[in-house]
Amino acid sequence: MLPASIQITGELLSPAEVQDICESLKEDGVRLLSVRGCQLSDRDFGRVCRCVAESRSLAQLNLNLGVVSSINRTRHLADALKANRSLQTLFLHGSPLLDTGLVTLNPALSTHPALVCLDLGDCMLGDEALGLICGMLPPDGAKSGLRELTLSANPGISSKGWTRLAIAVAHSSQLRVLNLDYNPLGDQIAGMLAVAVASSRTLEVLDLEGTGLTNQSAQVFLDMVENYPTSLRVLVLAENNISPELQQQICDLLSEAEDDEDREAPPPFTGPASSRALLPIRDKYQPPTWLPHSNSGPQVVLLTSGLGESLLAETEM
């Protein structure tokens with residue numbers, strides 16, 4: 001039997017329902033487990049974590065919107081991650097982790113052998129936590145690290161912390177998607193990020209929606225994509241004080257670069273086992289939606305395809 005997915009949103013989970021989840025995990029019958037916004041007792045949360053630790057099939061775990069609601073639950077999750085070897089994608093968006101929680105999780109997150117996609121958006125993080133996250137973006141030649149990182153809506157991070165992240169991004173040998181939407185970055189931090197993007201050989205998606213940018217930042221990014229080679233293919237600048245004309249110019253240049261790359265690339269695989277049409281689109285505020293996704297249209301207007309989710313789709317071919 002092929003591993004299945006369990007997706008439950010915003011419900012009060014009974015002990016019997018938790019038992020069913022645990023049995024499926026023990027049987028290695030679950031590839032995706034999402035209990036986004038669900039309520040369950042501390043005892044049942046611990047049971048789920050112990051089964052996650054033992055699972056050899058689980059690739060994606062969604063605990064968004066307050067499921068990890070205390071330091072005790074954070075410790076349970078850390079213990080599970082230390083033992084688990086299969087997880088590729090972890091969503092903790094909207095969990096009140098604080099820096100203390102990230103300190104608790106860091107030893108397990110930074111040494112996990114398979115984790116490539118991490119969502120820590122709206123987790124009330126500060127500079128201490130961001131310093132630990134930078135350690136998950138190792139420089140060239142070091143070790144494997146995150147390929148997709150979401151840090152949306154963490155206003156407690158200072159300009160010093162964001163500067164440190166920009167340096168880590170510039171030297172990361174793995175990172176492909178970076179979501180920083182709804183942080184008060186401003187033009188100065190955006191300029192540092194532009195330098196990081198120009199230095200990176202892997203970063204393809206940068207989400208800066210609602211980050212307090214102006215035409216000054218847009219002009220810097222326009223100059224970068226117009227005059228320098230870059231891997232960037234998606235730049236989200238919505239909900240900023242940036243003129244539509246500048247945004248369109250940047251989009252056009254990114255589209256042209258992608259078109260040139262497509263012409264040089266070999267023909268894509270189109271056999272019946274291809275799963276590219278199933279790539280999910282990241283939804284910032286609602287449950288992950290599994291939608292058809294076409295490669296034929298312009299890519300620069302997408303909010304971003306979740307890389308960890310993409311890897312999950314590709315392994316289900």
Side-chain angles (χ1 to χ4, degrees), residues 9-10 34-38 61-71 73-74 77 89-106 109 117-134 136-137 146 148-166 168-169 175 177-190 192-193 196-197 203 205-214 217 234-242 280-289 302-309:
T9 299
S34 174
V35 289
R36 180 184 186 274
C38 289
L61 178 61
N62 188 329
L63 301 174
N64 282 354
L65 298 186
V67 178
V68 186
S69 56
S70 67
I71 191 62
R73 292 193 176 195
T74 304
L77 179 59
T89 300
L90 177 62
F91 293 105
L92 296 173
H93 201 111
S95 304
L97 295 179
L98 303 170
D99 285 1
T100 305
L102 210 285
V103 169
T104 301
L105 288 172
N106 180 63
L109 292 174
C117 176
L118 180 62
D119 186 343
L120 294 171
D122 195 17
C123 285
M124 305 171 69
L125 303 180
D127 287 358
E128 182 181 6
L130 192 59
L132 297 175
I133 293 165
C134 288
M136 302 177 204
L137 305 173
L146 296 176
E148 176 170 349
L149 174 62
T150 296
L151 292 171
S152 316
N154 280 296
I157 298 173
S158 72
S159 58
K160 180 180 178 181
W162 292 123
T163 301
R164 185 172 182 180
L165 177 69
V169 170
L175 192 66
V177 179
L178 179 61
N179 301 309
L180 301 179
D181 45 304
Y182 296 98
N183 285 297
L185 301 180
D187 290 328
Q188 183 178 3
I189 300 302
M192 295 178 184
L193 289 170
V197 172
L203 192 67
V205 177
L206 178 61
D207 188 345
L208 297 176
E209 179 174 350
T211 51
L213 309 187
T214 70
S217 294
V234 180
L235 177 62
V236 183
L237 295 173
E239 300 298 323
N240 286 296
N241 189 23
I242 296 174
I281 297 174
R282 183 177 74 100
D283 191 329
K284 297 180 182 181
Y285 299 114
Q286 298 182 18
T289 305
L302 295 180
L303 290 181
T304 150
S305 293
L307 176 65
E309 294 168 334

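Residues take their numbers from the sequence shown, with the count starting at 1.
Side-chain atoms of Leu193 and Leu180, non-hydrogen and from C-beta on, do get closer than 4.5 Å to each other. When side chains are defined from C-beta on, Val169 counts as touching Leu178, because their heavy atoms get closer than 4.5 Å. Residues Leu149 and Leu137 have side chains in contact (heavy-atom distance under 4.5 Å, counting atoms from C-beta outward). Residues Met192 and Trp162 fail the side-chain proximity criterion, which asks for heavy atoms closer than 4.5 Å. Between Asn106 and Met136, the closest side-chain pair of non-hydrogen atoms falls below 4.5 Å.
Note: Leu118 CG to Thr150 OG1 = 8.0 Å, rounded to the nearest 0.5 Å. With rounding to the nearest 0.5 angstrom, the CG atom of Leu109 is 9.5 Å from the CG atom of Leu132. Between the CG atom in Asp99 and the SG atom in Cys123 there is a gap of 11.0 Å [rounded to 0.5 Å]. Between atom CG of residue Leu120 and atom CG of residue Leu102 there is a gap of 6.0 Å, rounded to the nearest 0.5 Å. Taken from CG in Asn183 to CD1 in Ile189, the straight-line distance is 10.5 Å, to the nearest 0.5 Å. Separating the CG atom in Leu206 from the CG atom in Leu237 is a distance of 8.0 Å, to the nearest 0.5 Å.
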| request: Could you please spell out the steps behind the side-chain contact (heavy atoms from CB on, under 4.5 Å) verdict for Leu130 and Leu125? | output: CA-CA 7 Å; Leu130 192 59; Leu125 303 180; over 6 Å; no

| request: Go through the steps for Leu97 and Leu105 under the test side-chain contact (heavy atoms from CB on, under 4.5 Å), then give the verdict. | output: CA-CA 9 Å; Leu97 295 179; Leu105 288 172; 4.1 Å; yes

| query | Does the side-chain contact (heavy atoms from CB on, under 4.5 Å) test come out yes or no for Arg36 and Phe91, once each step is laid out? | reply | CA-CA 9 Å; Arg36 180 184 186 274; Phe91 293 105; over 6 Å; no

| Intermediate values then yes/no, side-chain contact (heavy atoms from CB on, under 4.5 Å), Leu213 and Ile242 | CA-CA 7 Å; Leu213 309 187; Ile242 296 174; 4.0 Å; yes

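Summarising the geometry of Gly66 relative to Ser69, their closest heavy-atom pair is O-CB, 3.3 Å, with the distance given to 0.1 Å. Across Glu148 and Leu175, no two heavy atoms sit closer than the pair N-CD1, 4.0 Å.
With Asp119 contributing its side chain and Leu92 its backbone, the two residues share no donor-acceptor pair below 3.5 Å. Judged by distance alone, the side chain of Asn154 and the main-chain N or O of Gly156 form no donor-acceptor pair under 3.5 Å. Under the 3.5 Å distance criterion, the side-chain polar atoms of Thr163 are matched with a main-chain donor or acceptor of Ser159. Side-chain N or O atoms of Asn240 include one that pairs as donor or acceptor with a backbone N or O of Gly212 at under 3.5 Å. Listed for the Asn62 side chain is no donor-acceptor partner under 3.5 Å among the backbone atoms of Val35. Side-chain atoms of Arg73 come within 3.5 Å of backbone atoms of Val67 as a donor-acceptor pair (strictly under, hydrogens ignored).
Residues Asn241 and Thr214 bring no donor and acceptor atom of their side chains to less than 3.5 Å of each other. There is no side-chain donor-acceptor pair under 3.5 Å between His93 and Asp122.
When the options Thr211, Asp207, Asp181, Asn179 are evaluated for a side-chain hydrogen bond (donor to acceptor under 3.5 Å, both in side chains) with Ser152, the one that passes is Asp181.
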